[in-house]
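Notes for the one structure printed next.
The chains referred to below are lettered A, B, ... by the order of the sequence lines, with proteins before strands, and numbering in each begins at 1.
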Amino acid sequence: MEAGKSAAARRPAAAPAPEWPTDPEQARALQRRLAASVVREDRLGPVRRVGGLDVHYAPRAGLAFAAAVALDAERLELEASALACAPLVFPYVPGLLSFREAPAALRALALLDPPPDLLLVDGQGLAHPRRLGVASHIGLLADLPTIGVAKSRLCGSFAEPPRSAGSWTLLREGEEVIGAVVRTRAGARPLFVSIGHRVSLATAVAWTLRLCRGYRLPEPTRLADRLSRCHAP
DNA sequence: GCGACAG
DNA sequence: ATCTTGTCGC
């Protein structure tokens with residue numbers, strides 16, 4: 001043992017405490033401020049480990065359960081996982097998901113050792129009304145390259161991508177490109193992929209497809225989802 | 001005013 | 001997300 005050197009001690013969590021809104025208007029104001037800091041280009045090093053993050057809820061217990069996983073980017077095999085829970089301090093409001101998920105998610109992420117070089121988050125990134133979905137918000141708070149991988153649309157319009165796996169179309173809002181609609185599995189409903197933080201859209205789509213192993217969800221998100229399910233009551 | 005609306 | 005069994009379709 002190395003006394004005093006737990007994973008959490010070596011890598012403190014980005015605590016949501018300092019400025020955590022308690023009502024929707026404060027939250028939207030904070031999003032508008034933070035959105036300017038999101039980096040939409042590739043600013044990531046070599047990706048040896050890819051992470052996945054997902055959160056499940058136990059509303060009756062007033063808790064959120066988060067699972068974070070790290071996979072070998074080459075073999076896509078599980079290398080590490082972490083679980084954490086946190087009190088639910090914010091209601092679900094479309095567009096404000098991160099204020100509900102981040103407390104538990106950041107705890108799980110801080111416990112994940114070794115940390116990932118790139119993180120896939122279950123939810124939108126830039127494809128958000130104020131361009132600060134949960135993937136972007138967590139990317140900023142944890143200072144990690146992130147990709148938003150959502151199972152359904154929050155905003156924007158798109159053309160249905162062809163039915164074959166690997167095909168995709170752009171997700172737009174007005175003239176602005178905010179993400180991609182990606183067919184990760186033939187015939188299955190597409191995923192909504194967007195920039196989270198420090199990753200370009202092209203890189204986000206490429207990684208998402210590369211991380212799929214015959215299922216609709218890419219492995220990091222799929223495993224995190226399965227793990228967080230097991231531990232929710 | 002009437003829908004839409006990540007998880 | 002969660003509440004929940006069998007069942008319609010490729």
Side-chain angles (χ1 to χ4, degrees), chain A residues 16 21 24-25 27-28 30-31 34-35 38 52-68 83-109 119-141 146-158 163-165 171-174 178-197 201 204 208 214-218 220-233:
Chain A
E25 263 330 301
R28 292 186 189 97
L30 180 55
Q31 287 181 326
L34 293 178
V38 173
L53 191 56
D54 193 27
V55 179
H56 281 250
Y57 302 94
R60 298 202 309 171
L63 291 171
F65 289 84
L83 290 162
C85 68
L88 282 173
V89 295
F90 207 91
Y92 172 68
V93 178
L96 302 180
L97 180 64
S98 62
F99 298 99
R100 187 169 173 80
E101 289 208 339
L106 292 172
R107 281 187 186 179
L109 205 49
L119 179 69
L120 272 64
V121 179
D122 188 28
Q124 317 287 349
L126 272 196
H128 174 279
R130 289 165 293 282
R131 308 295 181 260
L132 197 84
V134 61
S136 299
H137 200 167
I138 284 176
L140 281 177
L141 292 176
T146 59
I147 296 172
V149 180
K151 297 183 291 300
S152 63
R153 185 195 71 103
L154 173 60
C155 63
S157 58
F158 63 97
R163 299 182 72 81
S164 61
L171 178 63
R172 294 189 172 85
E173 192 168 85
I178 60 175
V181 186
V182 184
R183 191 82 68 184
T184 52
R185 178 183 177 161
R189 285 158 49 215
L191 296 182
F192 296 77
V193 176
S194 59
I195 290 172
H197 184 48
L201 182 57
T208 298
Y215 295 91
R216 180 165 88 117
L217 297 181
T221 293
R222 193 178 73 83
L223 294 182
D225 175 72
R226 209 160 63 62
L227 189 59
S228 61
R229 264 173 213 288
C230 294
H231 293 259

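- Judged by the 6.0 Å and 45° rule, A:Arg229 forms no cation-pi pair with A:Phe65.
- Looking at heavy-atom distances under 4.0 Å, A:Val134 makes contact with a base.
- The interatomic distance linking A:Ile138 (CD1) with B:dG7 (P) rounds to 13 Å, in whole Å.
- In this structure, A:His128 places its NE2 atom 20 Å from P of B:dA4, rounding to the nearest Å.
- Within the nucleic acid shown, A:Leu96 comes within 4.0 Å of at least one base atom, counting heavy atoms only.
- In this entry the distance linking CG of A:Leu154 with C1' of C:dA1 reads 15 Å, nearest Å.
- The environment of A:Arg172 atom CZ is sparse: at most 12 non-hydrogen atoms of other residues, nucleotides or ligands sit within 6.0 angstrom.
- Aromatic ring pairs are classed by plane angle as parallel below 30°, tilted from 30° to 60° and perpendicular above 60°; the pair A:Phe192 and A:Phe158 is perpendicular.
- Rounded to whole Å, the distance from CZ on A:Arg100 to P on B:dG7 is 13 Å.
- For the OP1/OP2 pair of B:dG7 and a distance below 4.0 Å, the side-chain nitrogens and oxygens of A:Lys151 include at least one atom meeting the criterion.
- For the pair A:Arg229 CZ and C:dT4 C1', the interatomic distance rounds to 13 Å; values are reported in whole Å.
- Using a 4.0 Å heavy-atom distance criterion, A:Gly148 is classed as making no nucleic acid contact.
- Taking the ring centre of A:Tyr92 as origin, the terminal cationic atom of A:Arg100 falls outside the region bounded by 6.0 Å and 45° from the ring axis.
- Taking a cutoff of 4.0 Å between a charged side-chain nitrogen and a carboxylate oxygen, A:Lys151 and A:Asp122 qualify as a salt bridge.
- At least one side-chain nitrogen or oxygen of A:Ser152 sits closer than 4.0 Å to the OP1 or OP2 atom of B:dG7.
- Close to B:dG7, at under 4.0 Å from its OP1 or OP2, lies no side-chain N or O of A:His56.
- Here C:dT2 is the nucleotide among C:dT2, B:dG7, B:dC5 with the atom lying nearest to any side-chain atom of A:Pro59.
- Within 4.0 Å (heavy atoms only), A:Glu101 reaches sugar-phosphate atoms of the nucleic acid but no base atom.
- Rounded to whole Å, the distance from NE2 on A:His137 to P on B:dG7 is 18 Å.
- In this structure, A:Tyr92 packs face-to-face on the six-membered ring of B:dG7, meeting both the 5.5 Å centre cutoff and the 30° plane limit.
- In this structure, the CD1 atom of A:Ile195 is 21 Å from the P atom of B:dA6, given to the nearest Å.
- Using a 4.0 Å heavy-atom cutoff across all strands shown, A:Arg60 reaches no nucleic acid atom at all.
- One interatomic measurement links the two molecules: CZ of A:Arg131 to P of B:dA6, which rounds to 16 Å at whole-angstrom precision.
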